[in-house]
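I have placed the structure first, in the form of C-alpha coordinates, so that the comments after it can refer back to it.
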Amino acid sequence: MRYNTISKRLTLPEYGRNIQNMVDYCLTVENREERNRCANAIISIMGNLFPHLRDVNDFKHILWDHLAIMADFKLDVDYPYEVIRKENMHQRPPRVQYSDTAITYRHYGQMLERLINKAAEMRDCEGKETLILLIANQMKKSFLLWNKDSVDNRKILKDLAELSGRRIVRNAETFLLAEAAELIDTPQRNMNNNNNNKKNKKNHSRKG
(Lines give C-alpha, C1' and ligand atoms only; values in the text may rest on other atoms or scores of the structure.)
Protein backbone atom coordinates (compact mmCIF):
# COMPACT_ATOMS: atom_id res chain seq x y z
CA MET A 1 0.00 0.00 0.00
CA ARG A 2 1.27 3.45 -0.93
CA TYR A 3 0.73 6.13 1.70
CA ASN A 4 0.30 9.80 0.88
CA THR A 5 3.04 10.63 3.37
CA ILE A 6 5.61 9.21 0.96
CA SER A 7 4.04 10.78 -2.13
CA LYS A 8 5.21 14.08 -3.52
CA ARG A 9 3.85 17.21 -1.89
CA LEU A 10 0.61 18.55 -3.39
CA THR A 11 1.00 21.92 -5.06
CA LEU A 12 -2.65 22.83 -4.47
CA PRO A 13 -3.91 20.58 -1.64
CA GLU A 14 -7.50 21.84 -1.98
CA TYR A 15 -7.92 19.72 -5.12
CA GLY A 16 -6.71 16.53 -3.49
CA ARG A 17 -4.40 13.70 -4.53
CA ASN A 18 -6.71 12.24 -7.19
CA ILE A 19 -6.79 15.45 -9.23
CA GLN A 20 -3.02 15.75 -8.96
CA ASN A 21 -2.69 12.18 -10.22
CA MET A 22 -4.93 13.06 -13.19
CA VAL A 23 -2.72 16.05 -13.99
CA ASP A 24 0.40 13.88 -13.74
CA TYR A 25 -1.20 11.37 -16.12
CA CYS A 26 -2.16 14.15 -18.55
CA LEU A 27 1.50 15.14 -18.74
CA THR A 28 2.35 11.67 -20.04
CA VAL A 29 -0.22 11.67 -22.89
CA GLU A 30 1.76 12.02 -26.11
CA ASN A 31 -1.05 12.76 -28.57
CA ARG A 32 -1.85 16.49 -28.40
CA GLU A 33 -5.54 16.10 -29.27
CA GLU A 34 -5.97 13.43 -26.62
CA ARG A 35 -4.00 15.56 -24.15
CA ASN A 36 -6.34 18.50 -24.81
CA ARG A 37 -9.38 16.30 -24.14
CA CYS A 38 -7.78 15.04 -20.95
CA ALA A 39 -7.04 18.59 -19.76
CA ASN A 40 -10.63 19.72 -20.43
CA ALA A 41 -11.98 16.71 -18.54
CA ILE A 42 -9.78 17.58 -15.56
CA ILE A 43 -11.03 21.19 -15.66
CA SER A 44 -14.65 19.95 -15.56
CA ILE A 45 -13.92 17.77 -12.54
CA MET A 46 -12.07 20.60 -10.79
CA GLY A 47 -15.06 22.87 -11.36
CA ASN A 48 -17.45 20.29 -9.92
CA LEU A 49 -15.45 20.31 -6.68
CA PHE A 50 -16.39 23.95 -6.08
CA PRO A 51 -19.88 24.47 -7.57
CA HIS A 52 -20.55 27.42 -5.25
CA LEU A 53 -17.80 29.37 -7.03
CA ARG A 54 -19.24 29.04 -10.53
CA ASP A 55 -20.64 32.58 -10.40
CA VAL A 56 -17.25 34.05 -9.53
CA ASN A 57 -15.80 36.20 -12.29
CA ASP A 58 -13.16 34.39 -14.38
CA PHE A 59 -13.85 31.11 -12.55
CA LYS A 60 -12.82 29.03 -15.58
CA HIS A 61 -9.72 31.17 -16.06
CA ILE A 62 -8.73 30.50 -12.44
CA LEU A 63 -9.16 26.75 -12.98
CA TRP A 64 -6.85 26.77 -15.99
CA ASP A 65 -4.29 28.75 -13.99
CA HIS A 66 -4.49 26.11 -11.27
CA LEU A 67 -4.09 23.32 -13.81
CA ALA A 68 -0.93 24.94 -15.14
CA ILE A 69 0.41 25.34 -11.60
CA MET A 70 -0.30 21.70 -10.68
CA ALA A 71 1.47 20.62 -13.88
CA ASP A 72 4.47 22.75 -12.91
CA PHE A 73 3.86 24.72 -16.14
CA LYS A 74 4.94 21.72 -18.21
CA LEU A 75 1.54 20.84 -19.67
CA ASP A 76 1.52 21.62 -23.38
CA VAL A 77 -2.16 22.05 -24.30
CA ASP A 78 -4.34 24.62 -26.04
CA TYR A 79 -5.20 26.86 -23.11
CA PRO A 80 -8.39 28.89 -23.73
CA TYR A 81 -6.92 31.68 -21.61
CA GLU A 82 -3.53 33.22 -21.09
CA VAL A 83 -2.49 31.40 -17.93
CA ILE A 84 -0.21 32.67 -15.22
CA ARG A 85 3.51 32.33 -15.85
CA LYS A 86 5.89 30.57 -13.52
CA GLU A 87 8.10 33.64 -13.13
CA ASN A 88 5.10 35.65 -11.95
CA MET A 89 4.07 33.18 -9.27
CA HIS A 90 6.04 34.80 -6.46
CA GLN A 91 6.00 38.33 -7.77
CA ARG A 92 5.03 40.89 -5.17
CA PRO A 93 1.89 42.90 -5.90
CA PRO A 94 2.37 46.63 -6.50
CA ARG A 95 2.58 48.65 -3.35
CA VAL A 96 -0.67 50.34 -2.35
CA GLN A 97 -0.33 54.09 -2.19
CA TYR A 98 -1.87 55.37 1.01
CA SER A 99 -3.27 58.85 1.29
CA ASP A 100 -0.91 61.22 3.05
CA THR A 101 -3.64 63.79 3.67
CA ALA A 102 -3.42 65.07 7.20
CA ILE A 103 -6.42 64.31 9.43
CA THR A 104 -6.95 66.68 12.34
CA TYR A 105 -8.84 64.18 14.49
CA ARG A 106 -8.50 60.57 13.41
CA HIS A 107 -11.56 59.40 15.32
CA TYR A 108 -13.72 61.61 13.10
CA GLY A 109 -12.04 60.52 9.88
CA GLN A 110 -11.36 62.30 6.62
CA MET A 111 -14.88 61.81 5.22
CA LEU A 112 -16.47 63.75 8.08
CA GLU A 113 -13.97 66.57 7.62
CA ARG A 114 -14.94 66.76 3.94
CA LEU A 115 -18.63 66.84 4.84
CA ILE A 116 -18.00 69.64 7.34
CA ASN A 117 -16.24 71.65 4.65
CA LYS A 118 -19.11 71.06 2.19
CA ALA A 119 -21.68 72.09 4.79
CA ALA A 120 -19.70 75.24 5.59
CA GLU A 121 -19.73 76.20 1.89
CA MET A 122 -23.52 75.82 1.57
CA ARG A 123 -25.79 78.83 1.51
CA ASP A 124 -27.94 79.35 4.59
CA CYS A 125 -31.09 77.25 4.30
CA GLU A 126 -33.12 74.71 6.26
CA GLY A 127 -31.30 71.86 4.51
CA LYS A 128 -27.96 73.20 5.70
CA GLU A 129 -29.03 73.11 9.34
CA THR A 130 -30.31 69.55 8.92
CA LEU A 131 -26.98 68.49 7.39
CA ILE A 132 -25.00 70.17 10.17
CA LEU A 133 -27.09 68.39 12.79
CA LEU A 134 -26.51 65.04 11.07
CA ILE A 135 -22.76 65.73 10.90
CA ALA A 136 -22.60 66.77 14.56
CA ASN A 137 -24.47 63.64 15.66
CA GLN A 138 -22.14 61.48 13.56
CA MET A 139 -19.15 63.22 15.14
CA LYS A 140 -20.59 62.45 18.57
CA LYS A 141 -21.12 58.81 17.59
CA SER A 142 -17.57 58.51 16.23
CA PHE A 143 -16.20 60.10 19.39
CA LEU A 144 -18.14 57.65 21.59
CA LEU A 145 -16.96 54.65 19.56
CA TRP A 146 -13.37 55.80 20.00
CA ASN A 147 -13.62 57.00 23.60
CA LYS A 148 -16.32 54.64 24.97
CA ASP A 149 -17.24 57.22 27.61
CA SER A 150 -19.82 60.00 27.64
CA VAL A 151 -18.96 63.19 25.80
CA ASP A 152 -20.02 66.76 26.38
CA ASN A 153 -21.94 68.25 23.45
CA ARG A 154 -19.85 71.39 23.87
CA LYS A 155 -16.75 69.36 22.97
CA ILE A 156 -18.39 68.16 19.73
CA LEU A 157 -19.51 71.67 18.74
CA LYS A 158 -16.07 73.05 19.63
CA ASP A 159 -14.45 70.49 17.30
CA LEU A 160 -17.04 71.25 14.62
CA ALA A 161 -16.18 74.95 14.81
CA GLU A 162 -12.46 74.18 14.62
CA LEU A 163 -12.77 71.75 11.68
CA SER A 164 -14.93 74.22 9.75
CA GLY A 165 -12.51 77.07 10.28
CA ARG A 166 -15.05 78.81 12.53
CA ARG A 167 -17.56 78.87 9.65
CA ILE A 168 -19.94 76.62 11.62
CA VAL A 169 -20.38 77.83 15.18
CA ARG A 170 -23.31 76.58 17.21
CA ASN A 171 -24.40 77.09 20.83
CA ALA A 172 -24.68 73.89 22.88
CA GLU A 173 -27.63 75.37 24.78
CA THR A 174 -29.79 75.75 21.68
CA PHE A 175 -28.24 73.32 19.17
CA LEU A 176 -29.31 70.02 20.73
CA LEU A 177 -27.61 66.76 19.76
CA ALA A 178 -28.94 63.23 20.16
CA GLU A 179 -28.38 61.40 23.42
CA ALA A 180 -25.46 58.98 23.54
CA ALA A 181 -27.80 56.01 24.09
CA GLU A 182 -29.58 56.84 20.83
CA LEU A 183 -26.33 56.88 18.85
CA ILE A 184 -24.63 53.76 20.19
CA ASP A 185 -26.27 50.35 19.83
CA THR A 186 -26.06 48.30 23.01
CA PRO A 187 -27.29 44.73 23.67
CA GLN A 188 -29.88 46.06 26.12
CA ARG A 189 -31.13 48.63 23.64
CA ASN A 190 -31.33 46.06 20.86
CA MET A 191 -33.31 43.78 23.18
CA ASN A 192 -35.70 46.59 24.05
CA ASN A 193 -36.16 47.44 20.37
CA ASN A 194 -36.89 43.80 19.55
CA ASN A 195 -39.44 43.60 22.37
CA ASN A 196 -41.11 46.81 21.19
CA ASN A 197 -41.26 45.48 17.63
CA LYS A 198 -42.88 42.27 18.84
CA LYS A 199 -45.43 44.24 20.88
CA ASN A 200 -46.23 46.45 17.88
CA LYS A 201 -46.74 43.43 15.63
CA LYS A 202 -48.94 41.74 18.25
CA ASN A 203 -51.07 44.86 18.68
CA HIS A 204 -51.32 45.28 14.92
CA SER A 205 -52.48 41.67 14.46
CA ARG A 206 -55.16 42.15 17.16
CA LYS A 207 -56.47 45.25 15.42
CA GLY A 208 -56.56 43.37 12.12
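Please read all numbers here as calculations on a predicted model, not as lab measurements.
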How close do [X] and [Y] get, heavy atom to heavy atom, and via which atoms?
X: Cys26; Y: Ala39; result: SG-N, 3.8 Å
X: Val169; Y: Ala161; result: CG2-CB, 4.2 Å
X: Ala178; Y: Asn137; result: N-OD1, 2.9 Å
X: Asp65; Y: Ile84; result: OD1-N, 2.9 Å
X: Arg154; Y: Ala172; result: CG-CB, 3.4 Å
X: Cys38; Y: Tyr25; result: SG-CD2, 4.1 Å

Kindly indicate whether the side chain of [X], heavy atoms from C-beta on, has any atom under 4.5 Å from the side chain of [Y].
X: Glu121; Y: Arg167; result: yes
X: Met70; Y: Asp24; result: no
X: Glu129; Y: Asp124; result: no
X: Ile135; Y: Ile168; result: no
X: Glu33; Y: Arg37; result: yes
X: Ile156; Y: Tyr108; result: yes
X: His66; Y: Met46; result: yes
X: Asn31; Y: Arg35; result: no

Any donor-acceptor pair under 3.5 Å linking the side-chain atoms of [Y] with those of [X]?
X: Glu113; Y: Asn117; answer: no
X: Glu162; Y: Tyr105; answer: yes
X: Asn153; Y: Arg170; answer: no

If you count the non-hydrogen atoms of other residues, nucleotides and ligands that lie under 6.0 Å from [atom1] in [X], is the total more than 12?
X: Arg32; atom1: CZ; result: yes
X: Lys155; atom1: NZ; result: yes
X: Asn88; atom1: CG; result: yes
X: Glu126; atom1: CD; result: no
X: Arg166; atom1: CZ; result: no
X: Asn48; atom1: CG; result: yes
X: Glu173; atom1: CD; result: no

Would [X] end up clustered with [Y] when hydrophobic side chains under 4.5 Å apart are linked, directly or stepwise?
X: Leu145; Y: Ile116; result: yes
X: Leu53; Y: Leu63; result: yes
X: Ile45; Y: Leu12; result: yes
X: Leu67; Y: Leu49; result: yes
X: Ile42; Y: Val29; result: no

Under-4.0 Å salt bridge between Asp72 and Lys86:
yes
Sidechain-backbone polar pair: Asn36 side chain, Asp78 backbone, donor-acceptor under 3.5 Å:
yes
Before you tell me yes or no, could you show the steps for Phe73 and Arg85 under side chain to side chain contact (heavy atoms under 4.5 Å, CB included), namely the whole-Å CA-CA distance, both residues' side-chain angles and the distance that decides it to 0.1 Å?
CA-CA 8 Å; Phe73 303 93; Arg85 296 183 179 182; 5.8 Å; no
Before you tell me yes or no, could you show the steps for Lys140 and Glu179 under salt bridge (charged side-chain N to carboxylate O under 4.0 Å, His left out), namely the whole-Å CA-CA distance, both residues' side-chain angles and the distance that decides it to 0.1 Å?
CA-CA 9 Å; Lys140 185 173 181 178; Glu179 296 295 328; 5.2 Å; no
Between Leu183 and Leu177, does a side chain to side chain contact (heavy atoms under 4.5 Å, CB included) hold up when you go through it step by step?
CA-CA 10 Å; Leu183 297 172; Leu177 303 184; over 6 Å; no
d(Phe50 CZ, Ile62 CD1) to nearest 0.5 Å is 11.5 Å
I need the Phe143 CZ to Gln138 CD distance, nearest 0.5 Å.
14.0 Å
Steps toward side chain to side chain contact (heavy atoms under 4.5 Å, CB included) verdict (Trp64, Asp58)
CA-CA 10 Å; Trp64 282 99; Asp58 298 327; over 6 Å; no
Is there a side chain to side chain contact (heavy atoms under 4.5 Å, CB included) between Ile132 and Leu160 once you walk through the steps?
CA-CA 9 Å; Ile132 291 173; Leu160 178 60; 4.0 Å; yes
